[in-house]
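What follows is a single structure, written as structure tokens, with notes after it.
Below, chain A is the first sequence line, B the second, and so on; all start at residue 1.
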Number of protein chains: 2
Amino acid sequence: MATIGDVAREAGVSRSTVSYALSGKRSISRETRDRIDEAIQRLGFTVNAGARALATSETMVLGLFLQFHDDEFPPAMLQYILAVSTAAREKGYDILMVTDADGPGAVKRITSSNMVDGVVLLDVTHDDPRLDALRAARQPGALVGLPRDTQDVDVFDLDFGEAARMLVDHLYGLGHRKIILISPPRHVFDRGGAYGWRFRDAAVERAARYGIQIYPYYGESQQPGISRSLNAILDARPDATGLIVHNDASIAVLPALLHERGVQVPRDLSVVSLYSRDFGRSFLLPYTAVETSPDKLGREAVQHLVRRINDPDYSPTVAKFIEPELTIRGSTA
Amino acid sequence: MATIGDVAREAGVSRSTVSYALSGKRSISRETRDRIDEAIQRLGFTVNAGARALATSETMVLGLFLQFHDDEFPPAMLQYILAVSTAAREKGYDILMVTDADGPGAVKRITSSNMVDGVVLLDVTHDDPRLDALRAARQPGALVGLPRDTQDVDVFDLDFGEAARMLVDHLYGLGHRKIILISPPRHVFDRGGAYGWRFRDAAVERAARYGIQIYPYYGESQQPGISRSLNAILDARPDATGLIVHNDASIAVLPALLHERGVQVPRDLSVVSLYSRDFGRSFLLPYTAVETSPDKLGREAVQHLVRRINDPDYSPTVAKFIEPELTIRGSTA
DNA sequence: CTGAAAGCGCTTACAG
DNA sequence: CTGAAAGCGCTTACAG
């Protein structure tokens, strides 16, 4: 392992000069720089990240904390992981991915040992126990998902309320007066997944305002429950002409299920949903839907986090809700 | 930030004594230890991981390198990530997850800057360009997936050849003489995903030995191609009585597709496959299948890697093939 | 434009 | 059983 001292000796300069040549933080004569560059090449030198981190108090690593729930739909989770990782690299950060079952403990362990410069919390719930650990940390954090108490944290999430209103408006505008809503599974609500009720409550309220019927149900997360419950719901509401699906696992099976029931979209039923473009593509979902934009969300969270790492008080904390965008795919009439 | 020096002062001892109290590497008197513990509590001290890493040359971090291909089935990928992460934590390591598009560059960047003690490469292909970078690194690595050249690397993978033979034997033993085989998509083969042909070639060879017919096809990775190609294949081989599916995306849609075709399993068709128990559960797959055991694979890779980190020559490099286990689920007759 | 020195927060021989 | 000191590989005021 060549060190900066080896390079200095090889180039016949001091270690500080090599360091400054590396960082560009002061001007170096042409010849000196050339000699240093050559020495670096010859020795195959790379800065030791740990030593640099110790000297600068910057690790250039972000902690990405996530938890796997059985009712989580893996493709969606992976999209967020990739989005955060990609955005981080663009800003020069690497990702320490932490999947410990003990969420708060992991946050404390990683932050207090100074392994990261900042923290991204995925899948934040209403009363997320990781938040106290995050608030106690000296590193800033960005949350994906909305907690009850947003004090002292930066929050990023889709505007689920607005998304619900958009979809209800869309169906209402087309003349639908009886609409089924499939929400995430009940245990998502139980565990505090606020996106569930934020969407549902907004949809119900909007429908009430229009004086139209909306029938909210919980979906399931695993087969055969998914199909069984969807069939039961459709059987129970034959009069509904519109269907809003806010449930990844359900929407993924819906095309096959409707086909099997002989239901034609949009002739027999108008269907709208909520998913990312990638998700829709890989499951070939033909429905008019609000984009969930995991890449945009991940990128915004990381960019904001990086700004706050570099300047802790560059702004008051934010709760940023990504504006939903409706993509029309002709599944409504 | 309390440092070890603060703790030492607070406890009235030297820094080395605090360090030894932390590591337990020499005996400390009862009272001294108590005073140190109290001081640590009072100050909320945690060892700075970077400083420790610099002093010990051990980061206690493993690099996990993965690449997202469009034809990858996300649930399977996530299972490997989780398995590696969990196994690493059990051994006291954290995970630096690297998803750079430039695989070899990322391996070089992370290893040469000494950010990790070891490397896990996921989804290794036949001529994986990351291998040269790994061999040039001073850290040991463990591969998941089989490359052409296994020199100087530890390889972990399912024994796909044996899995194929097991499944052919199983069908042959039940009297099947015409068998369809659905392999991974063609671009998996193109990109060097050896598991594709290792399985297929072994199956074909075994069938030839028995003098029975096997019809190998590529599957697709995205809808509607998946269903369309499956239907075309089944239409083309009405005489086949057995079906082997070595393709995650295809097996996930198979139950619905067969149902739609009015095919009863195993009455009309015997079906066997290859997937993990978790995978089968979340998609409710009722097929007799070989377990792919991502958790076992991830755990073995990590355990071996950790051993090699601690003793680079504790054994020659290994290519370890997890023995396939057949789980009978009654989808054959 | 460049160097000598201190310091980041630890660990670990060396000494007693 | 404990301490003083050197060293891990960098960065960055301070000085010239």
Side-chain angles (χ1 to χ4, degrees), chain A residues 1-37 39-40 43-61 92 110-117 138-139 310, chain B residues 1-37 39-40 43-61 92 110-117 138-139 310:
Chain A
M1 258 336 293
T3 71
I4 203 171
D6 299 330
V7 174
R9 195 176 321 116
E10 182 87 5
V13 299
S14 71
R15 299 190 303 156
S16 55
T17 301
V18 177
S19 178
Y20 283 117
L22 252 26
S23 68
K25 286 188 183 170
R26 76 182 184 194
S27 44
I28 312 269
S29 75
R30 182 90 184 111
E31 304 116 78
T32 305
R33 177 179 296 280
D34 286 349
R35 285 215 311 286
I36 291 175
D37 285 348
I40 288 176
L43 300 175
F45 167 78
T46 310
V47 173
N48 179 304
R52 170 175 282 177
L54 185 57
T56 61
S57 301
E58 282 193 2
T59 63
M60 298 308 285
V61 174
I110 299 290
T111 55
S112 65
S113 63
N114 263 308
M115 298 182 75
V116 299
D117 295 336
R138 51 192 159 286
Q139 295 93 335
N310 295 321
Chain B
M1 257 336 294
T3 72
I4 204 171
D6 299 329
V7 174
R9 195 177 320 117
E10 182 86 6
V13 298
S14 73
R15 298 189 304 157
S16 55
T17 301
V18 176
S19 178
Y20 284 116
L22 251 25
S23 67
K25 286 187 183 172
R26 76 182 184 192
S27 45
I28 311 270
S29 74
R30 181 92 186 110
E31 304 118 79
T32 304
R33 177 179 295 281
D34 286 349
R35 285 215 311 285
I36 290 175
D37 285 349
I40 287 175
L43 300 176
F45 167 78
T46 310
V47 173
N48 179 304
R52 170 175 283 176
L54 185 57
T56 60
S57 302
E58 283 193 1
T59 63
M60 298 309 285
V61 173
I110 299 290
T111 55
S112 66
S113 63
N114 263 310
M115 298 182 76
V116 300
D117 295 337
R138 48 191 161 286
Q139 296 94 334
N310 295 321

Please report the distance, rounded to the nearest Å, between [atom1] in [X] and [atom2] in [N].
{"X": "A:R30", "N": "C:dC1", "atom1": "CZ", "atom2": "P", "answer": "13 Å"}
{"X": "B:I4", "N": "D:dA6", "atom1": "CD1", "atom2": "P", "answer": "18 Å"}
{"X": "A:R52", "N": "D:dT12", "atom1": "CZ", "atom2": "P", "answer": "9 Å"}
{"X": "B:E58", "N": "D:dG9", "atom1": "CD", "atom2": "P", "answer": "14 Å"}
{"X": "A:N48", "N": "D:dG7", "atom1": "CG", "atom2": "P", "answer": "18 Å"}
{"X": "A:L54", "N": "D:dC8", "atom1": "CG", "atom2": "P", "answer": "14 Å"}
{"X": "B:I40", "N": "C:dG9", "atom1": "CD1", "atom2": "C1'", "answer": "14 Å"}
{"X": "A:D6", "N": "D:dG9", "atom1": "CG", "atom2": "P", "answer": "9 Å"}

Residue-phosphate contact under 4.0 Å: [X] side-chain N/O, [N] OP1/OP2:
{"X": "A:T56", "N": "D:dT12", "result": "no"}
{"X": "B:S19", "N": "C:dT11", "result": "yes"}
{"X": "B:K25", "N": "C:dT11", "result": "no"}
{"X": "B:T32", "N": "D:dT2", "result": "yes"}
{"X": "A:S29", "N": "C:dT2", "result": "yes"}

Taking atom types as they are modelled, would you say the side chain of A:R26 forms a donor-acceptor pair with the base of C:dG3 within the 3.5 Å cutoff? yes
Worksheet item: Got a donor-acceptor pair under 3.5 Å from the side chain of A:S16 to the base of C:dA5?
Response: no
By nearest-nucleotide position on DNA chain C, the 5'-leaning member of B:Y20 and B:A51 is B:A51
Answer for the Watson-Crick or wobble partner of C:dA13, both distances under 3.5 Å, is none
By the Watson-Crick or G-U definition, both distances under 3.5 Å, D:dA4 is matched with none
request  = Could you walk me through whether A:R30 and A:D34 pass salt bridge (Lys or Arg N to Asp or Glu O under 4.0 Å), step by step?
outcome  = CA-CA 6 Å; A:R30 182 90 184 111; A:D34 286 349; 3.5 Å; yes
Is the count of non-hydrogen atoms from other residues, nucleotides or ligands lying under 6.0 Å from B:R138 atom CZ greater than 12?
yes
Output for pair (A:E10 CD, A:R35 CZ), nearest 0.5 Å, gives 11.0 Å
The reported gap from CD1 in B:I36 to OG1 in B:T17 (rounded to nearest 0.5 angstrom) is 6.0 Å
* **Check: A:S29/A:T32 side-chain N/O donor and acceptor closer than 3.5 Å** => yes
Closest of C:dG3, D:dT2, C:dT11 to the A:S14 side chain is C:dG3
The answer to which of A:L22 and B:G12 contacts DNA chain D further toward the 5' end, by nearest nucleotide, is B:G12
**Prompt:** Reckon A:S113 touches a base, only the sugar-phosphate, or nothing at all at heavy-atom distances under 4.0 Å?
**Reply:** nothing
Contact check, side chains of B:R15 and B:V7, non-hydrogen atoms, under 4.5 Å | no
